[in-house]
Every structure is written in structure tokens, then in C-alpha cells.
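Below is one structure; the comments refer to it alone.
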Amino acid sequence: MLKLKSLSFAAALVLAGCASPSAPPAAKPAGSLFVQAFQARGIVKELQPDGKTVVISHEEIPGYMPAMVMPFTAGDTNELRGLAAGDLVSFQLVTSADTSWIEQVKKLDAPRAPTAPPALPPTLRVVREVEPLKEGDLLPDYTFTNQLGQPVRLADFRGQALAI
């Protein structure tokens, strides 16, 4: 009986020695789910009427996703209190296998307002090139630049379906 207990103890020691204590965990376990947290910054585009969703144009979240505009759900709706479109915010994005939410939302200094174009000299004034069209009027032959940098005229598409 004593030999059996000694053997069990020795086996437990060998198994414990095989574990790698220096390897950091990939994520924080939360119950049976693995949760990861990422710091992020962005500009609030809109607050949804449900009171718990905010659309943010965020910077790249290194190791997780590129910069984009997307909706986020707040873990606590109080986190969104006092926010408005145009606010610069920092937040923590928390993800698990089947859900994600944001928390620790902090309003930062306001983003720089875009600079206004320089004022036109008083001798110049902006006028419309054409008068507004009425229903049934033909479009004038405008020239646009395509994605290849080449000029394209509306007349090039006459008689074809065209969506702009």
C-alpha cells in the first residue's frame, strides 16, 4: 500500500515538472470562455437609439483588426453617457469566442476641426455651372475622372444604363 502511494506521489511530481510555467497564457480565462482585451481609439460617428450601441471610426487595433467604421455594444450603457458624434474616445474592446463589447470608454480632447478653405478674393464669386435639372431633362455632358485617373464623359455611356 505504501508503494502505491509513493508511486502516485512520484507520478504527480513528474507531471507537474512537465508543465511550462514560463509560457504566458494567450488570453484571460473567464469561466469557460477565453476573453481578450484590446486598447483602441476612435471618433464617435453616431449613437444608436437602443442606448447601448455606438458607431466609431477607430484606428487600427494592432493584432486584431484594421482601421474601420463599425458599431460597438457597450458592456455598461452608462459608459456611453455624455458622448456625442464627433467626440474622440479611447476604449477597451473585449472579445470572446461568441461576443464582444466595449468598456472603459473615455472622452479625450476634441479632434482638430478641419481647416476652412482659404477665402476667395473679393473679385471672384462662385456661380453654378448649370441650372438645376427638372424631371425628364437630359444630364449635361459632365467629365469625371475614373479610378485610373483617366477622364470619362457621360456621353461615353449614352444609350447604356449608368449608375453614379
Only one of Lys45, Met70, Arg41 passes side-chain contact (heavy atoms from CB on, under 4.5 Å) with His58, and that residue is Met70
Answer yes or no: is there a donor N or O on one side and an acceptor on the other, between the side chain of Glu79 and the main chain of Val105, under 3.5 Å? yes
Could you tell me whether the side chain of Asp50 and the main chain of Thr53 form a donor-acceptor pair under 3.5 Å? yes
Within-4.5 Å side-chain heavy-atom neighbours: [X] and [Y]:
X: Leu83; Y: Lys107; answer: yes
X: Asp76; Y: Trp101; answer: no
X: Gln48; Y: Val54; answer: no
X: Phe157; Y: Val152; answer: yes
X: Val89; Y: Ile56; answer: yes
X: Met65; Y: Leu93; answer: yes

Is there a path of hydrophobic side-chain contacts, each under 4.5 Å between heavy atoms, that joins Phe72 and Met68? yes
Treat each ILVMFWY residue as a node, draw an edge where side-chain heavy atoms are under 4.5 Å apart, and state whether Leu88 and Val69 are in one component. no
From [X] [atom1] over to [Y] [atom2], what is the distance, rounded to the nearest 0.5 angstrom?
X: Arg153; Y: Arg158; atom1: CZ; atom2: CZ; answer: 8.5 Å
X: Gln36; Y: Thr95; atom1: CD; atom2: OG1; answer: 5.0 Å
X: Tyr64; Y: Ser100; atom1: OH; atom2: OG; answer: 6.0 Å
X: Gln92; Y: Ile61; atom1: CD; atom2: CD1; answer: 11.0 Å

Dump the intermediate steps for side-chain contact (heavy atoms from CB on, under 4.5 Å) on Val94 and Ile102, then the final yes or no. CA-CA 6 Å; Val94 182; Ile102 60 172; over 6 Å; no
Distance-minimising heavy-atom pair for [X] and [Y]:
X: Val35; Y: Ser96; answer: CG2-CB, 4.3 Å
X: Asp87; Y: Gly82; answer: OD2-O, 4.0 Å
X: Pro151; Y: Thr143; answer: CB-CG2, 4.0 Å

Show the numbers, then the answer: is there a side-chain contact (heavy atoms from CB on, under 4.5 Å) between Val55 and Leu47? CA-CA 6 Å; Val55 177; Leu47 293 159; over 6 Å; no
Is the number of heavy atoms from other residues, nucleotides or ligands within 6.0 Å of CD (Glu135) greater than 12? no
